[in-house]
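One structure is given below, encoded as structure tokens.
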Number of protein chains: 2
Amino acid sequence: MQSIKPKKSLVDETYEILVEAICLREFEPGERLNQDEIAARLNISRQPVNSAIAILKADNLVEDTGRRGVIVAPIDPDMSSSIYEYRMVIEPMAVELAARHLPQTARSEADAILKEGREAVERADMRALLQSDRCFHEMIYGWSRNLVIQKSMQVTWNHLRRDMAEVLRDPSRSAPIWDEHAEIVDALLSGDTTGAADLMRDHLRNAHERNSRPGDGSSTG
Amino acid sequence: MQSIKPKKSLVDETYEILVEAICLREFEPGERLNQDEIAARLNISRQPVNSAIAILKADNLVEDTGRRGVIVAPIDPDMSSSIYEYRMVIEPMAVELAARHLPQTARSEADAILKEGREAVERADMRALLQSDRCFHEMIYGWSRNLVIQKSMQVTWNHLRRDMAEVLRDPSRSAPIWDEHAEIVDALLSGDTTGAADLMRDHLRNAHERNSRPGDGSSTG
DNA sequence: ATTTCGTATTTCGTATACGAAATATTTAGG
DNA sequence: CCTAAATATTTCGTATACGAAATACGAAAT
């Protein structure tokens with residue numbers, strides 16, 4: 001028998017809804033978040049909205065403008081390049097750590113996510129594509145068993161998603177990332193740790209180059 | 001003429017006070033935070049305390065216990081080892097990035113912090129020691145200009161401080177870390193980037209080994 | 001026509017109130 | 001005396017109220 005799962009607080013739910021809305025560009029960068037409107041839309045009082053916004057501030061997803069509330073943080077090129085720079089070190093590290101802790105279920109876990117990713121490409125479903133892309137990487141962070149990587153990438157992916165929502169226009173061009181994901185997993189599961197880490201670097205580099213080409217809409221990976 | 005600086009909100013102030021109290025062990029791991037008591041002690045209403053606690057939850061500094069509030073997160077050995085593992089990669093990376101962006105003021109900035117650190121050792125002032133240790137590393141993150149490193153280390157240092165407050169008993173044994181800090185800066189400022197990154201790794205390893213010796217209380221670096 | 005000042009309105013930060021949920025204590029029954 | 005049920009108390013999540021601060025608008029003065 002399962003225990004009764006405590007419901008999420010309104011603060012937590014509101015936070016998640018706002019993160020999603022910011023990352024998927026329902027709120028544009030620079031746009032002001034009005035607490036009354038959000039509260040009315042979610043049919044709750046303003047107080048949990050205010051608390052959720054405080055957490056968003058800590059995440060740097062919104063910026064304070066003084067007494068007149070917060071704006072959605074502008075897209076900052078420095079942040080984008082910091083993320084790329086950071087990931088070029090952390091993602092291969094996560095791959096190497098993952099190689100030490102592979103669960104028995106690694107193969108089936110990976111296959112399920114790869115399948116989802118390819119289907120999202122076929123369906124041209126951008127939301128699902130972003131989601132499964134993130135799941136792929138989080139799978140590896142999970143295998144790495146490094147709590148700091150897991151936490152910092154949780155926040156970092158929200159920023160990354162904002163960049164990706166900016167450039168994603170043709171999900172079908174995301175097909176190559178799933179080939180690259182599959183190659184990384186194959187190398188990792190076959191014991192070629194160094195190769196897997198190198199493939200991860202290539203993967204990030206490819207995605208970064210795709211994003212730097214004006215008008216070329218592809219996933220960051 | 002200077003502009004009038006807006007005051008910090010009660011939520012922000014409360015958050016900072018609580019972070020400090022948790023990291024310096026005024027609240028012990030596992031201890032429950034009572035919102036009414038904290039609010040009475042700070043002479044404010046409970047609501048900003050509640051919001052500040054929500055942010056602490058996002059930081060993993062406190063854990064939810066259901067409707068009966070939060071406890072201070074227990075010291076988790078997995079977290080400690082994750083932090084060490086993570087820093088062994090990120091801190092040298094920050095050093096290497098810093099080498100590319102050294103400000104004109106680097107020498108004087110570094111000297112000021114080194115001076116403060118040595119004085120804190122002489123005064124056997126643990127709080128000042130932790131603070132200047134952190135300032136030293138944050139100086140390097142600042143020079144690295146990588147926003148993700150800066151943000152993730154901001155949160156990570158709070159966890160690290162909890163470990164350090166656990167093991168720090170004899171600040172005078174922290175004297176070597178300031179020699180090590182000085183050597184890192186000298187190498188960095190003299191253009192020996194690889195040497196500086198290696199010295200950072202040695203520094204972290206030394207501090208980690210000191211902390212792993214039972215009954216030996218020294219700074220983590 | 002433009003500028004300044006006073007007033008109204010909007011929005012947010014925080015205090016207070018209310019009710020839900022969890023825990024502690026007391027009471028009643030075997 | 002022990003156990004279960006009832007009741008009281010505690011604590012928190014959230015709604016509501018209040019006041020501060022910022023902005024918008026209109027009237028008066030230049």
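In what follows, every heavy atom counts, from backbone to side chain, and hydrogens, waters and symmetry copies are set aside. Just so it is clear, the model here is predicted, and its values are computed rather than measured. Convention: sequence-line order gives letters A, B, ...; per-chain numbering from 1.
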I need the [atom1]-[atom2] distance between [X] and [N], as an integer number of Å.
X	N	atom1	atom2	value
A/Leu10	D/dT14	CG	P	4 Å
B/Lys7	C/dT14	NZ	P	10 Å
A/Lys8	C/dA20	NZ	C1'	21 Å
B/Asp64	C/dA22	CG	C1'	14 Å
A/Asn43	D/dT14	CG	C1'	13 Å
B/Asn50	D/dG13	CG	P	5 Å
B/Lys57	D/dC12	NZ	P	11 Å
A/Leu42	D/dA15	CG	P	11 Å

Residue whose nearest DNA chain D nucleotide is more 5′ - B/Gly69 or A/Ile44
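Its nearest nucleotide being more 5', the pick is B/Gly69.
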If you pin A/Pro48 and A/Arg68 to their nearest nucleotides in DNA chain D, which one's is more 5'?
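Whichever sits nearer the 5' end wins; that is A/Pro48.
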Selection from [options] that lies nearest to any side-chain heavy atom of [X]:
X	options	value
B/Val11	C/dT14, D/dT16, D/dT11	C/dT14
B/Asn34	C/dT11, D/dA15, D/dC12	D/dC12
B/Arg46	C/dA15, D/dT14, C/dC12	D/dT14
B/Arg32	D/dG13, C/dT14, D/dC12	D/dC12

Begin with the C-alpha distance, continue with both residues' side-chain angles, and end with the deciding distance and a verdict on ring pair (Phe, Tyr, Trp, His ring centres under 6.0 Å) for A/His208 and A/His203.
CA-CA 9 Å; A/His208 184 67; A/His203 169 58; over 10 Å; no
Which is true for B/Leu33 with a 4.0 Å heavy-atom rule: it touches a base, it touches only sugar-phosphate, or it touches nothing?
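If one applies the 4.0 Å heavy-atom cut-off, B/Leu33 turns out to touch the sugar-phosphate alone, with no base involved.
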Who is the Watson-Crick or G-U wobble partner of D/dA28, with both distances under 3.5 Å?
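Pair assignment: D/dA28 / C/dT3.
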Any-strand Watson-Crick or G-U partner of D/dT3, both distances under 3.5 Å:
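Its partner is C/dA28.
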Residue from A/Ile22, A/Thr14, A/Val72 passing side-chain contact (heavy atoms from CB on, under 4.5 Å) with A/Leu56:
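Between A/Leu56 and the candidates, side-chain contact (heavy atoms from CB on, under 4.5 Å) is satisfied uniquely by A/Ile22.
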Which residue is it: A/Leu61, A/Val62, A/Thr65? I am looking for the one with a side-chain contact (heavy atoms from CB on, under 4.5 Å) to A/Val70.
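With A/Val70 as partner, side-chain contact (heavy atoms from CB on, under 4.5 Å) holds for just one option, A/Val62.
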Is the closest basic N to carboxylate O distance between B/Lys57 and B/Asp64 below 4.0 Å?
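Judged by the 4.0 Å cut-off on N to carboxylate O distance, B/Lys57 and B/Asp64 do form a salt bridge.
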Tell me whether A/Ser82 contacts the main-chain N or O of B/Leu147 through its side chain, where contact means a donor paired with an acceptor under 3.5 Å.
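Confirmed, A/Ser82 side chain pairs with B/Leu147 backbone.
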Reckon B/Gln47 has a side-chain N or O less than 4.0 Å from the OP1 or OP2 of C/dA17?
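For C/dA17, OP1/OP2 do not have a side-chain N/O of B/Gln47 under 4.0 Å.
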